[in-house]
Protein chains: 2
Amino acid sequence: MPLPRFEKLDEARKHSILDAAAQEIAEHGFDGASYNRVIERAGISKGAMYYYFADKDDLFQTVVEGCLAQWLGEIGFPFEADDAKAFWAACHTMYERSLRFMLRDPRNAALTFDIARATGPSAKHPIVQAHHDRLRAFVDALAEQGRGVEAVRTDLPRDLLVETLLSLLETGDRWLADRWDDAMDDEDVTATATLIVGLLKRVAAPDGESSR
Amino acid sequence: MPLPRFEKLDEARKHSILDAAAQEIAEHGFDGASYNRVIERAGISKGAMYYYFADKDDLFQTVVEGCLAQWLGEIGFPFEADDAKAFWAACHTMYERSLRFMLRDPRNAALTFDIARATGPSAKHPIVQAHHDRLRAFVDALAEQGRGVEAVRTDLPRDLLVETLLSLLETGDRWLADRWDDAMDDEDVTATATLIVGLLKRVAAPDGESSR
DNA sequence: CTGGGTTCGACCGGGTGGTCTAAGAATAGG
DNA sequence: CCTATTCTTAGACCACCCGGTCGAACCCAG
């Protein structure tokens with residue numbers, strides 16, 4: 001976490017620093033992100049940056065955790081669902097909220113998934129690991145709730161299901177990010193959510209209940 | 001491609017260089033891979049390396065293309081399939097071959113997918129792009145063949161289906177790589193293939209035909 | 001002995017994360 | 001109002017690593 005001094009800064013300044021970092025990570029990936037470039041972007045001096053953050057990891061951890069927390073706050077989990085139908089409807093709503101968040105704040109939303117699916121060297125980085133664990137725990141809890149109302153199959157290794165769902169979510173996001181024309185209306189969002197949640201359902205629903 | 005001199009080297013030497021490079025990429029990712037470390041690993045001098053390869057990209061492109069070519073050669077595509085059942089059976093066989101290749105030569109097989117799913121900066125790299133395009137073309141051709149025998153749905157945007165299948169394949173591979181105890185017998189391979197191809201089927205098969 | 005294919009490693013410019021000193025800004029006390 | 005002390009900023013500097021260059025040395029055939 002940042003040194004206590006950082007909290008005393010005015011909001012605008014804090015935000016501009018964290019935003020510069022988020023932008024850097026979004027552009028160059030977690031591994032490729034350069035502390036020097038963040039400093040340049042934020043328009044402050046090296047001395048100042050090290051006055052507020054202990055080191056590179058300190059800053060990046062703050063950014064990554066902030067993004068994830070915001071995303072989790074946006075989508076509205078946990079929710080109540082008494083049967084399978086209600087469960088999947090709630091999933092649909094959650095995915096819509098996630099999409100809207102992504103359209104509103106592409107950088108933050110994309111970061112959440114980009115970091116989660118990191119491979120190679122960055123995958124071993126503690127910050128990335130922690131992020132991955134938290135996101136996986138969320139999907140796991142979601143699947144568990146689904147199992148409770150027989151909306152989610154139980155015949156698949158639990159971790160395989162979780163990994164699959166995560167990768168599906170991420171693929172949907174990325175597919176969307178690649179071809180949205182930033183003029184998506186409510187109808188488009190709903191349609192896309194139906195598409196992606198439909199895929200999730202096919203994978204996760206018990207046998208014979210995959211059709212809609 | 002390597003300078004012509006490289007081809008004149010004895011097989012052992014060639015292999016040891018390419019292998020050192022593959023190992024480096026596998027360990028540090030495409031972006032994180034260091035030419036200097038490859039040189040060190042291969043146990044030759046910098047001068048020698050630059051005598052055989054024009055530059056870093058030249059070497060890495062050679063390695064990546066080699067891996068993909070080997071993988072495509074292993075799995076046995078294209079194949080013949082007159083109906084949906086035969087199509088999915090063939091997919092199962094292909095996936096089994098892919099698994100066996102992966103168990104036999106984990107580095108090469110993993111590379112193929114690791115590079116394909118690269119995000120961030122490396123995703124823009126021409127070598128990675130070319131790799132991604134080739135792999136996507138393969139999945140696309142596969143899906144097209146499936147559509148021809150009504151084994152694959154047509155109600156999904158084509159590119160979304162391709163991306164989804166790719167990410168599913170990759171997730172399966174990674175899931176497997178994480179927890180295999182390198183003492184997998186034929187039975188395990190078949191069971192795993194059934195599991196993963198089952199997921200592919202759920203996603204890709206037309207409505208009402210996802211059950212087995 | 002010569003000459004060309006091959007190998008070696010010192011060296012280059014540039015970028016990295018991180019340190020540190022010294023000057024500037026602000027705040028306190030008299 | 002002036003000074004003394006603390007908080008904050010600035011950027012030169014460090015060691016290290018990167019990919020790439022290059023001239024000298026080596027080896028072996030002619």
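Side-chain atoms are counted along with the backbone in the values below, which use heavy atoms only and exclude waters and symmetry mates. Numbered from 1 within each chain, the chains take letters A, B, ... in sequence-line order. All of these numbers come straight from a predicted model, not from anything done at the bench.
We find that CE of A:M49 is positioned 19 Å from C1' of D:dA12, with the value rounded to whole Å. Straight-line distance from the OH atom of B:Y50 to the P atom of C:dC12: 17 Å, rounded to whole Å. C:dT7 atom C1' lies 15 Å from atom CG of B:L3, rounded to whole Å. Remark: C1' of D:dT8 and CZ of A:R5 are 9 Å apart, rounded to the nearest angstrom. Atom-to-atom, CG of B:L9 to P of C:dT6 comes out at 9 Å; the value is rounded to the nearest Å. Note: CG (A:D57) to P (C:dG17) measures 10 Å, nearest angstrom. Per the geometry, CG belonging to B:D55 stands 8 Å off P belonging to D:dT21, to the nearest Å. Rounded to whole Å, atom P of D:dG19 lies 13 Å from atom CD1 of B:I127.
Counting any heavy atom pair closer than 4.0 Å across all strands shown, A:Y52 reaches sugar-phosphate atoms only and no base atom. B:Y35 comes within 4.0 angstrom of the backbone, heavy atoms only, and of no base. Looking at heavy-atom distances under 4.0 Å, A:K56 makes contact with sugar-phosphate atoms alone, never a base. Among the atoms of the strands shown, none is found under 4.0 Å from any heavy atom of A:A54.
Between A:E74 and A:R104 there is a salt bridge, with a side-chain nitrogen of the basic residue lying less than 4.0 Å from a carboxylate oxygen of the acidic one.
Relative orientation of the B:Y35 and B:Y50 rings is perpendicular, given thresholds of 30° and 60° on the angle between their planes.
Between A:N36 and the phosphate of C:dG15, there is no side-chain N or O to OP1/OP2 separation shorter than 4.0 Å. Considering only side-chain N and O atoms, B:S34 lies under 4.0 angstrom from the phosphate OP1 or OP2 of D:dG19. The side chain of B:R37 places no N or O atom within less than 4.0 Å of a non-bridging phosphate oxygen (OP1 or OP2) of D:dC17. Residue B:R13 places at least one side-chain N or O closer than 4.0 Å to OP1 or OP2 of C:dT7.
Considering only side-chain atoms of B:Y51, the nucleotide from D:dT9, C:dG5, C:dT19 that sits closest is C:dG5. Taking every side-chain heavy atom of B:S45 into account, C:dC8 is the closest of D:dA10, C:dT16, C:dC8. Side-chain atoms of B:K46 lie closest to C:dG9 of the nucleotides C:dT16, C:dG9, D:dC18.
Just one of A:V139, A:L160, A:L142 meets the side-chain contact (heavy atoms from CB on, under 4.5 Å) condition when paired with A:L165; it is A:V139.
Enclosure of atom CD in B:E187 is not indicated, since only 12 or fewer non-hydrogen atoms of other residues, nucleotides or ligands lie within 6.0 angstrom. Within 6.0 Å of atom CD in B:E40, 12 or fewer heavy atoms from other residues, nucleotides or ligands are found, so the atom counts as exposed in its surroundings.
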